[in-house]
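A quick write-up on the structure given underneath.
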Amino acid sequence: MKRITSNFDTMSTLQTGPVSPTEMASRLPVQLTGLVAATFTPLTSEGELDLSVIGPYVDYLAERQGVRNIFVNGTTGEGMSLSVEERKRTAEEWCLRARGKMDNVIVHVGCLSIKDSKDLAHHAETAGADGIGVISPSFFKPKTADALRSYLKEVASAAPTLPFYYYHIPALTGSNLLASDVCKGLEALVPTFSGVKFSGTDLMDFGQCVRHSQAHQSLLYGVDEQLLAALAFGANGAVGSLYNYLGSHFNKLLMAFAQGDLVGARALQFSVQDLLAFASKYGFDVAVNKQLMSDLSGLSLGPPRLPLVPCRPETAAAVAQKYRQIFPEA
Ligand SMILES: CC(=O)N[C@H](C=O)[C@@H](O)[C@H](O)[C@H](O)CO
Ligand SMILES: CC(=O)C(=O)O
């Protein structure tokens with residue numbers, strides 16, 4: 001794991017004196033690329049944290065799925081349903097267990113209270129995270145991009161050495177602000193601004209984020225079933241729940257795309273869509289997804305937390321069967 005401080009040094013140097021292009025390039029952070037698995041939070045059958053599963057979970061992602069980055073305590077991890085204290089304990093465990101095995105641990109720190117978000121941002125920094133992600137508050141929603149930028153600025157300032165990713169997920173936050181508007185001028189307010197996790201379906205908005213991004217920033221797409229379209233628009237990588245159990249498959253898709261094999265990439269994307277089309281008949285949500293991951297990986301992830309309700313075992317089993325039929329090699 002690496003703490004990226006160099007781009008922020010570069011920025012301050014830029015203001016104080018000239019730097020040669022070679023020196024500049026060597027100081028820029030490594031851009032986050034490839035797959036980032038949005039992890040589930042392991043709970044006991046009583047609904048308490050089960051930190052003992054996190055070590056084996058990291059090994060499963062690294063060894064079985066070829067995934068080298070994780071996004072923890074986000075949507076998939078039910079971060080908003082955990083207490084601040086629980087979020088700190090899980091973040092610490094993920095950072096500890098990922099050491100030497102993952103390239104990046106990004107901790108989602110968004111909360112409804114800005115004080116909690118700042119507390120978690122600061123905590124992520126001390127826990128050794130490689131970055132933080134923040135969603136828009138969703139009860140009192142920011143009415144303007146300006147208001148959201150002010151909020152993000154304040155949260156990011158609590159973790160001044162960590163790359164900061166704006167997490168855009170309008171279907172869940174209920175915010176109607178375009179990500180490309182939110183990101184406008186954000187680097188001036190947030191020196192650590194390193195990219196966007198874009199979990200929306202508006203590809204024009206995504207395209208505008210890419211178009212106006214800077215070279216060191218990472219545009220990470222978050223609707224796994226249509227990643228290929230986002231790659232065409234210039235996505236640098238992807239954050240999502242499906243990379244938990246389809247990481248190797250999606251790595252092939254990334255490879256096919258990089259090699260210009262669009263027909264191959266499309267076939268790989270279509271098989272994922274087939275699985276999702278099947279699963280959505282059962283109301284595919286985090287609860288079903290979590291049980292599916294338990295069934296496929298053998299890790300005991302436990303139930304979801306209320307207000308999500310556990311899925312019926314037959315539902316996850318039916319989706320797992322479909323998965324095995326579509327991806328016999330996985
Ligand atoms: C709403 C939601 O959970 N979105 C995830 C990421 O943001 C995705 O990874 C989806 O789980 C995935 O694309 C399946 O729809
Ligand atoms: C899916 C995703 O990116 C999240 O869990 O936040």
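Indexing begins at 1, ligand by ligand and atom by atom, following the structure's order. Numbers here simply count residues along the sequence, with the first being 1.
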Practice item. Mark up the atoms of ligand 2 that fall under 4.0 Å of a heavy atom belonging to Ala38, in ascending order. Key: 1 (C), 2 (C), 3 (O), 4 (C), 5 (O)
Exercise for review: Check each atom of ligand 2 against the heavy atoms of Gly74 and keep those under 4.0 Å away; list them by number with element.
Suggested key: 5 (O), 6 (O)
Practice item. Provide the closest heavy-atom pair for Ala91 versus His123 in the form atom of the first, atom of the second, distance. Key: CB-CE1, 4.3 Å
Study note, to complete from the structure: When Ile70, Val72, Thr90 are each screened for side-chain contact (heavy atoms from CB on, under 4.5 Å) with Val107, the one that passes is Val72
Practice item. Check ligand 2 against Tyr167 and write out every atom of the ligand that is under 4.0 Å from a heavy-atom position of the residue. Key: 2 (C), 3 (O), 4 (C), 6 (O)
Revision key, fill the gap. Note: Arg149 and Asp181 closest approach over all heavy atoms is NH1-O, 2.7 Å
**Study point:** Ser199-ligand 1 polar pair, N/O distance under 3.5 Å
**Key:** yes
Check your understanding: Looking at atom 3 (O) of ligand 1, what's its closest protein heavy atom, distance included?
Key -> Thr75 CG2, 3.7 Å
Check your understanding: Should we say atom CD of Gln321 is surrounded by more than 12 heavy atoms from elsewhere, each under 6.0 Å from it?
Key -> no
Review point. Ring pair (Phe, Tyr, Trp, His ring centres under 6.0 Å) between Phe233 and Phe206: does it pass, once the steps are laid out?
Key: CA-CA 8 Å; Phe233 270 114; Phe206 182 71; 7.1 Å; no
Practice item. Take the angle between the ring planes of Tyr57 and Trp94 and call it parallel below 30°, perpendicular above 60°, tilted in between. Key: perpendicular
Review point. What is the nearest protein non-hydrogen atom to atom 3 (O) of ligand 2, stated with its residue, atom name and distance?
Key: Lys197 NZ, 2.5 Å
Exercise for review: Please say whether more than 12 non-hydrogen atoms of neighbouring residues, nucleotides or ligands are located less than 6.0 Å from NZ in Lys141.
Suggested key: yes
Check your understanding: Is it the side chain (CB and beyond), the backbone, both or neither of Val286 that lies under 4.0 Å from ligand 1, heavy atoms counted?
Key -> neither
Practice item. Determine whether Val196 and Cys183 make a side-chain contact, defined as any pair of heavy atoms from C-beta on separated by less than 4.5 Å. Key: yes
Revision key, fill the gap. If you compare Ala38, Ser241, Ala238 by their heavy atoms, the one closest to atom 11 (O) of ligand 1 turns out to be Ser241
Point to revise | Protein residue, atom and distance nearest to atom 1 (C) of ligand 1, heavy-atom basis | key: Ile169 CD1, 4.0 Å
Practice item. Check whether more than 12 heavy atoms from other residues, nucleotides or ligands sit under 6.0 Å from atom NZ of Lys252, and answer yes or no. Key: yes
Check your understanding: Would a 4.5 Å heavy-atom cut-off, applied to side chains only, mark Lys101 and Arg97 as touching?
Key -> no
Review point. Which of the numbered atoms in ligand 1 are below 4.0 angstrom from a heavy atom of Gly240?
Key: 9 (O)
Check your understanding: Quick check: does Lys197 get an N/O under 3.5 Å from an N/O on ligand 1?
Key -> yes
Review point. Thr75 to ligand 2: N or O pair under 3.5 Å?
Key: yes
Practice item. Answer yes or no: is there a side-chain heavy-atom contact under 4.5 Å between Glu78 and Lys290? Key: yes
Exercise for review: Pick one of side chain, backbone, both or neither for how His108 approaches ligand 2, counting any non-hydrogen atom pair under 4.0 Å.
Suggested key: neither
Review point. Which atoms of ligand 1 sit under 4.0 Å from any heavy atom of Asp224?
Key: 8 (C), 9 (O), 12 (C), 13 (O)
Check your understanding: Any idea which atoms of ligand 1 are less than 4.0 Å away from a heavy-atom of Leu276?
Key -> 14 (C), 15 (O)
Study note, to complete from the structure: atom 1 (C) of ligand 2: closest protein heavy atom, distance to 0.1 Å, is Thr76 OG1, 3.1 Å
Exercise for review: Just need the protein heavy atom nearest to atom 15 (O) of ligand 1, so name the residue and atom and give the distance.
Suggested key: Glu225 OE2, 3.0 Å
Exercise for review: Starting from atom 6 (C) of ligand 1, find the nearest protein heavy-atom neighbour and note its residue, name and distance.
Suggested key: Gly222 O, 3.2 Å
**Study point:** Structural part of Tyr167 in contact with ligand 1, heavy atom criterion under 4.0 angstrom
**Key:** side chain
Review point. Pick one: which of Tyr167, Tyr243, Tyr165 meets ring-ring contact (aromatic ring centres under 6.0 Å, His included) with Phe71?
Key: Tyr167
**Study point:** Per-atom contacts of ligand 2 with Phe71, taking only distances under 4.0 Å to non-hydrogen atoms
**Key:** 6 (O)
